[in-house]
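Structure first, then comments.
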Amino acid sequence: MAKTHVITEVNGEEAEFLCEPGQTLLETLRDELNLTGTKEGCGTGDCGACSVMLDGRLVCSCLVLSPEVDGRKLETIEGVADGEKLHPIQQKFLEHAALQCGVCTPGFVVATKALLEKNPDPTEEETRYWLAGNLCRCTGYDKIIRAVLDAAAELRGEA
Amino acid sequence: MSEKKLKYVGTRPIRHDGVDKVLGKANFGADLNLPGMLHGKILRSPHAHAKIISINTAKAEALDGVLAVITGDDFPPPPSGKGSVEGPQDFGDMARNVMAREKALYTGHAIAAVAATTTRIAEIALKAIEVEYEVLEPVMTLERALAPDAPILHEEMRAKGEEPLPEGPTNVATRTVMGFGDVDEGFSSADVVVEREFTTETVHQGYIEPHAVVARSISDGRAEVYCCTQGQFMVRKYCSKVLDMDPTQIKVTASEIGGGFGGKTVVYAEPVSIVLARKSGRPVKIVMSREEVFIATGPTSGSHIRVKIGVKNDGTITAADATLNYEAGAFKGSPVMAGMMTIFSPYRMDHVRIEGFDVVVNKPKVAAYRAPGAPMAAFATEGVMDELASQLGMDPVDLRLVNAVKEGDTAAYGPKFKVHGFIDTLQAVKNHPHYKAPLGPNQGRGIACGFWFNAGMQSSANVILNEDGNATVVTGNPDIGGSRTSMALMAAEELGIPVDKIRPVVADTESVGYSDLTGGSRVTFATGMAVVEAAKDVVRQLRERAAQTWDVSVDDVEWRDGHAVAMNGHADDHEPLSVAALAGSAAKTGGPISGRASLNARGPGPGFATHICDVEVDKETGRVSVLRYTAVQDVGRAIHPSYVEGQMQGGAVQGIGWALNEAYMYDEKGKLQNPSFLDYRMPVASDMPMIDTVIVEVPNPTHPYGVRGVGETPIVPPLPAVAHAVNQATGVRFRSLPISPPRVLAALDD
Ligand code: FES
Ligand code: FES
């Protein structure tokens, strides 16, 4: 099968790969680019574990075809921290014990970052609806929501 | 138990594996790739019940890029006879579940498997495998399974425990009866008797990480397996049974695990990947799709339960009687026994009879799910208790207080209870502001109680003191929700060194002593006990080294706050020696210092919880919204309170999902209609309120820090608590789960 040549930007660096037309962005990230921080929970757009930013928009990478990202900008969980320094969202997830198994965490962190970039001061309800596309089976969401609201406060300079 | 003030236990440090997990650096099951690795895929039965007449793999094998195709014939014969059954596990059944032999017993049953250079080629190869089936009528309900003319799943099945034993085969694997006293006499002295029937549907554990494994075969017949599992030693043992290998020929490394809730306590793709790796000579990776997870792993039993309870006018229970029917799925082994043992255990009673049936149906073989068997049982008993309370005009908490088991009371399943905090949870509920808060229109409040045994079992731990005075704590239990840090906290307390100076490690099967799997709420209790003993072993050695250094008797050295301190008149002669100093000079005092412990922990201590749930029912749509929720539980001692709260919150929300929306839906042919997260509706963030927690601490005397298991009990009360709240909001008693919008609308229309 003829492969498509794709050049894209991932976490600020140029990335180049060959892919099959039906190959999802999630497969490319994990299997071609070795960025396994993005997780697969369903492959059908229902769990949010594969959340990434595509040109500043939150998407499920399992629903994006790899050729679509040609010439565009991607940000994955691997690009959220500043080198060794955790992003405040990551720090708050740790402080609030907002992860148990942690497999949903990369998706939640990316989705939270997208939320707070759009809405730096979300209500609890807005936060719950924004994150409704991210499944967590372990925590019951309580500590995740607290971590997000606390991270928002910190990013606003209030904490 | 020492009354000394604890410095580390009970604090809330950031978990040791946390940074990797928020960065996306932690390696889960699907994250490992090996050089030369192939991708495995499993062909699954499209029929719920069928004889396998023939399988032709020739076309698949001929495809470019396909390196191995296997069927049941590539496995050794399923184990039978001596050694083939161990506790609840029948390895013959397990082998047939891993790869079907004579019959396909559920839609999704593994029929064959391929390994190919890419997943796409593997998928094409699956389609090229030709299977001839003789399709049989599927058995999809308890009612059908028990009917006299029901199709039979297993010709050799004979209803063990049925009197008289039926002559022909049945779909009942086992009938069990337990109890004491004389229930007829008990009911005749009752003022009020309520008898009701309850049903629950098949539900899945719903962990977000699908099963994933990479296996490679090594030239001398050994195999190495990397997978997400609740127990690396379990995988080793089960693979050895299914593949007729010595356990030590298999090395298993547990990846980080993305949830399990009991669903990762058995093997599915692990033995398949070993056989594919052996046949192809290359490493083979199998990652299940979400659909495969739904159709071929988990779930837990659908159930039908009848409960009858009699009480005096003052609320005292005079007798209780129950019949439980649990679906086992395609092979025997539902958690009906645990359902029977928990169903009346929160309450004192002199006359009790409990009967249970383990019934096979054409659904996936059930796997453990968080307090297996107990939530459905509690749904039934608590439902009857709630109705009794309203008939008696009693507060539902008061009715429980009248009957709650205390230390020394005999549980309905036999043993006597040791000290526990059940009554404390009831009192805490009564005193909680939530219990008295006003409710609005269409709102209701329910309470319910739950009991779970908790497990002990075998664990091993090594505590290694490093030359800088830091310590490594090595155990054999996958960390599914922060247990590494609980291990580190207990070690820190014993050694007297800060918790961040301790590195907790989950080791592979060749690097630590045998440990039973992570499950049964046992890790912080049992593995924690092993860690404490291993740390005490280190402390003993440190005192010896100090004694040697000072030339005093070891009895003259005490361990205090991370230092050896000279005692008994020697104090003035010697400055205390720190862990770091003793570790640094270890070469001169006898060599490296490490401690170890292996044990079979007894006395896990029962877990009791009482939950309060408020709901609002939308009478237009039938939607039930949970407005407020409070979970109260006796945890013995919270080692890391945040992760204890997390277990209580997560368990409550899983239970709420079970109560309100989750259910397997099959068509008449036995095909699952909702094998996706879109259609199998688990709770999302916008469905839930905050989940308040009240931690009650009645220490468990058998654990050095008073721990009792925590993780499972919280899923027991929510099913009834939600139903009772809906009852108060609508006046309708829901005795079938889920209480989904169509059912609510239908009930309100009546
Ligand atoms: S894996 Fe993409 S949404 Fe679940
Ligand atoms: S922490 Fe396990 S799924 Fe969210």
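A note on names: the letters A, B, ... follow the listed sequences, proteins ahead of strands, and every chain is numbered from 1. Everything quoted here is computed from the prediction, not taken from an experiment. Computation of the quantities below employed the complete heavy-atom set of this structure, encompassing side-chain atoms and omitting hydrogens, waters and symmetry-equivalent molecules.
- Only the side chain of B:Val653 comes within less than 4.5 Å of a heavy atom in chain A; its backbone stays farther off.
- Residues from residues 78-87 of chain A that place a non-hydrogen atom less than 4.5 Å from a non-hydrogen atom of chain B comprise A:Glu78, A:Ala81, A:Leu86, given in numerical order.
- At a threshold of 4.5 Å between non-hydrogen side-chain atoms, the residues B:Ser686 and A:Trp130 do not count as touching.
- Proximity to chain A involves both the backbone and the side chain of B:Leu23, based on heavy atoms less than 4.5 angstrom apart.
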*Go through the steps for A:Glu27 and B:Arg120 under the test salt bridge (Lys or Arg N to Asp or Glu O under 4.0 Å), then give the verdict.*
CA-CA 12 Å; A:Glu27 288 175 279; B:Arg120 279 183 183 62; 3.3 Å; yes
*Kindly determine whether A:Cys138 and B:Tyr207 satisfy side-chain contact (heavy atoms from CB on, under 4.5 Å), including the steps that lead there.*
CA-CA 8 Å; A:Cys138 300; B:Tyr207 34 81; over 6 Å; no
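- With a 4.5 angstrom heavy-atom cutoff, A:Thr139 touches chain B only via backbone atoms.
- Using a 4.5 Å cut-off between heavy atoms, B:Glu256 does not touch chain A at all.
- In this structure, A:Gln100 contributes its side chain and B:Gly646 its backbone to a donor-acceptor pair below 3.5 Å.
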_Test side-chain contact (heavy atoms from CB on, under 4.5 Å) on A:Leu94 and B:Val22; report intermediate values, then the result._
CA-CA 8 Å; A:Leu94 291 178; B:Val22 297; 3.8 Å; yes
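- Counting heavy-atom pairs under 4.5 Å between each of A:Gly37, A:Ala97, A:Gly133 and chain B puts A:Ala97 at the top.
- No side-chain heavy atom of B:Arg290 sits less than 4.5 Å from a side-chain heavy atom of A:Glu40.
- Put simply, of B:Gln647, B:Lys25, B:Arg12, B:Lys21, the one with the most heavy-atom pairs under 4.5 Å next to chain A is B:Lys21.
- Going from atom CD1 of B:Ile208 over to atom SG of A:Cys101 covers 7.5 Å, rounded to the nearest 0.5 Å.
- Across all their heavy atoms, B:Ile691 and A:Gly140 have their closest contact at CG1-O, 4.5 Å.
- For the pair B:Phe677 and A:Asp46, the tightest heavy-atom approach, listed with the atom from each and the gap, is CB-CB, 3.6 Å.
- Both the backbone and the side chain of B:Glu645 come within contact range of chain A, with heavy atoms under 4.5 Å apart.
- At a 4.5 Å heavy-atom cutoff, the contact between B:Ala30 and chain A is made by backbone and side-chain atoms alike.
- For the atom pair A:Thr36 OG1 and B:Asn33 CG, the distance stands at 8.0 Å (nearest 0.5 Å).
- Environment of CD in A:Glu126: crowded, with over 12 heavy atoms of neighbouring residues, nucleotides or ligands closer than 6.0 Å.
- In this structure A:Glu9 satisfies the side chain to side chain donor-acceptor pair (under 3.5 Å) test with no other residue, sequence neighbours excluded.
- Contacts between B:Ser642 and chain A at a heavy-atom distance below 4.5 Å involve backbone atoms as well as side-chain atoms.
- Contacts between B:Val293 and chain A at a heavy-atom distance below 4.5 Å are absent for every atom of the residue.
- Residues A:Glu95 and B:Ile14 are in side-chain contact: their nearest non-hydrogen atoms beyond the backbone lie under 4.5 Å apart.
- Heavy-atom pairs under 4.5 Å with chain A peak, among B:Gly260, B:Ser676, B:Pro689, at B:Pro689.
- Contacts of A:Asn134 classified as side chain to side chain donor-acceptor pair (under 3.5 Å), with partners at least two apart in sequence or in another chain: none.
- Contact between A:Leu99 and B:Arg15 at its shortest, heavy atoms only, is O-NH1, 2.8 Å.
- The backbone N or O of B:Gly650 lies less than 3.5 Å from no partner atom in the side chain of A:Tyr141, so there is not a single donor-acceptor pair.
- Within residues 111-120 of chain A, no residue approaches chain B closer than 4.5 Å by heavy atoms.
- Proximity to chain A (any heavy atom under 4.5 Å) is shown, for B:Pro478, by neither the backbone nor the side chain.
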*asked:* Could you go through B:Met682 and A:Leu135, starting from their C-alpha distance and side-chain angles, then the distance that decides it, and tell me whether this counts as side-chain contact (heavy atoms from CB on, under 4.5 Å)?
replied: CA-CA 8 Å; B:Met682 307 199 312; A:Leu135 288 176; 4.0 Å; yes
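- Counting heavy-atom pairs closer than 4.5 Å to chain A, the top-ranked of the candidates B:Glu291, B:Met688, B:Glu209 is B:Met688.
- Under the 3.5 Å distance criterion, the side-chain polar atoms of B:Gln649 are left unmatched by any main-chain donor or acceptor of A:Asp142.
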*Determine, stepwise, if the pair B:Asp31 / A:Lys39 fulfils salt bridge (Lys or Arg N to Asp or Glu O under 4.0 Å).*
CA-CA 9 Å; B:Asp31 296 342; A:Lys39 303 299 176 193; 2.4 Å; yes
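- Remark: the backbone N or O of B:Gln205 is paired with a side-chain donor or acceptor of A:Arg137 at under 3.5 angstrom.
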